[in-house]
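When a ligand or atom number is given, it counts from 1 through the structure's own listing order.
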Amino acid sequence: MKHVLITGGAGFIGSHLCERYLEQGCRVTAIDNFVTGRPENVAHLKGEKAFRLVEHDVSTPFTPSMEKEFGKVDVVMHFACPASPIDFERIPLEIMKVDSYGTFHTLEVARANKARFVIASTSEIYGDPLVHPQTEDYWGNVNTTGKRSCYDETKRFSEASATVYRNKWGVNTGIVRIFNTYGPRMRLDDGRVVPNFCGQALRGQPITVYGTGQQTRSFCFVDDLVEGIMRLTASDCNDPVNIGNPDEYTMLEFAKVVLKAVPGTKSEIVYKPLLHHDDPKQRKPDITRARKVLNGWEPKVSLAEGLGRTLEYFRTKL
Ligand code: UDP
């Protein structure tokens with residue numbers, strides 16, 4: 001029975017990973033300090049013998065007794081990190097610590113166990129990209145002193161950390177660059193565009209388009225993302241891999257898609273200033289590498305279907 005250790009296991013993406021690895025017959029240890037993750041995301045897994053939830057901040061070292069309790073670990077997945085622009089304002093130091101100290105602590109567990117290590121990186125490492133769509137060999141355009149730097153710059157640091165551990169210690173590292181992902185278990189109040197627009201449409205409140213609404217994003221449904229991550233984890237690929245859905249929308253177009261998905265809503269589109277001037281103007285993954293190294297992986301869930309399933313979840317949270 002493979003043992004998978006997932007930091008951020010009670011988070012949006014981490015909780016889906018826990019569920020899928022348990023379905024595959026693995027033993028799963030989820031680690032979370034609940035800064036943005038929530039126990040309710042994994043409450044349905046509590047009864048499973050192969051599942052353990054440990055409350056711990058991975059920015060601080062694992063104690064010897066914790067490591068003893070983990071036993072042999074085959075896969076370490078470092079997915080603990082708040083990822084919403086409002087978190088960048090609220091808890092920037094926590095973000096920097098989990099991406100730096102947290103990355104070292106989890107890499108050490110992988111090294112000691114000769115485990116596969118996979119780190120959740122992000123499309124944010126491309127910054128406000130000057131290459132479109134973004135390929136993995138593009139080095140990015142990041143403002144190191146901007147409002148997002150606590151996140152994008154430390155994710156770049158965590159990619160560098162994984163690379164050093166691979167070169168110096170031979171750790172089998174994988175890097176997944178996650179593009180905008182949405183789905184059930186996103187926090188309705190996390191401030192990102194999908195929960196904002198969905199919550200506003202469901203409540204009949206104004207849909208807040210920031211700036212001109214001409215900036216673009218490409219949205220991937222969480223099930224597609226998780227499938228891609230699991231294939232990457234099972235592979236021996238050490239190069240960074242973009243995982244996302246190349247279906248690109250302006251935020252204005254996306255607002256209209258959400259309005260259409262909530263028939264009868266009284267919401268209307270209103271314009272608000274951008275939260276900050278580093279807001280990337282365009283984003284779309286080039287997934288050529290993912291298709292090649294992940295056995296033909298590609299996203300399968302359309303925006304209409306994924307949004308329907310997400311709205312269903314958000315309705316239960318209102
Ligand atoms: N956005 C918006 N209205 C909102 C929230 C976000 O127009 O209520 C825009 C935001 O300015 C950005 C895009 O939607 O251009 C995606 O923002 P999000 O915070 O979801 O993620 P990002 O990709 O910027 O990290």
Hey, could you give me the CZ/CG distance between R291 and D286, rounded to the nearest 0.5 Å?
8.5 Å

Quick check: does Q200 get an N/O under 3.5 Å from an N/O on ligand 1?
no

If you measure from the Lys or Arg side-chain nitrogens to the Asp or Glu carboxylate oxygens, is any gap between R192 and D87 under 4.0 Å?
no

Among protein heavy atoms, which lies nearest atom 22 (P) of ligand 1, and at what distance?
R148 NH2, 3.3 Å

Does even one non-hydrogen atom of F197 get within less than 4.0 Å of ligand 1?
yes

Nearest-neighbour protein heavy atom for atom 19 (O) of ligand 1, which is reported as residue plus atom name and distance
P85 CG, 3.3 Å

When you measure from the side chain of N238 to the backbone of T173, do you find a donor-acceptor pair of N or O atoms at a distance under 3.5 Å?
yes

Between F254 and F197, is a ring pair (Phe, Tyr, Trp, His ring centres under 6.0 Å) present by the stated rule, with each step listed?
CA-CA 9 Å; F254 181 58; F197 285 4; 5.7 Å; yes

Over 12 non-hydrogen atoms of neighbours within 6.0 angstrom of CD in E268
no

Give me the residue, atom name and distance of the protein heavy atom closest to atom 21 (O) of ligand 1.
N180 ND2, 3.6 Å

Quick one: look up the protein heavy atom nearest atom 13 (C) of ligand 1 and list residue, atom name and how far away it is.
M251 SD, 3.7 Å

How far is atom 11 (O) of ligand 1 from its nearest protein heavy atom, and which residue and atom name does that atom have?
D279 OD2, 2.4 Å

Atom 3 (N) of ligand 1: the protein heavy-atom neighbour that sits closest, reported with distance to 0.1 Å:
T208 O, 2.6 Å

Taking 4.0 angstrom as the limit, do K97 and D57 come out as a salt bridge?
no

Single hit among L17, T181, I243 for side chain to side chain contact (heavy atoms under 4.5 Å, CB included) with V226:
L17

Would you call R52 and E69 a salt bridge, taking side-chain N to carboxylate O under 4.0 Å as the test?
yes

With nothing but distance in play, are any N or O atoms of Y210 less than 3.5 Å from an N or O of ligand 1?
yes

Mind checking whether V193 has an N or O less than 3.5 Å away from an N or O of ligand 1?
yes

Note: ligand 1 atoms sitting under 4.0 Å from heavy atoms of V209 are 7 (O)

Below 4.0 Å, non-hydrogen atoms only: which portion of R192 touches ligand 1? Side chain, backbone, both or neither.
both

Does I119 share a hydrophobic cluster with V142, counting links as ILVMFWY side-chain heavy atoms below 4.5 Å and allowing steps through other members?
no

Test side chain to side chain contact (heavy atoms under 4.5 Å, CB included), reference Y126, set N242, N141, D152, output is N242

Could you see which bit of K272 sits under 4.0 Å from ligand 1, with heavy atoms only: side chain, backbone, both or neither?
neither

Please list the nearest protein heavy atom to atom 16 (C) of ligand 1 with its residue and the distance rounded to 0.1 Å.
R217 NE, 3.6 Å

Just jot down the ligand 1 atoms closer than 4.0 angstrom to any heavy atom of N196, in number order.
4 (C), 5 (C), 8 (O)

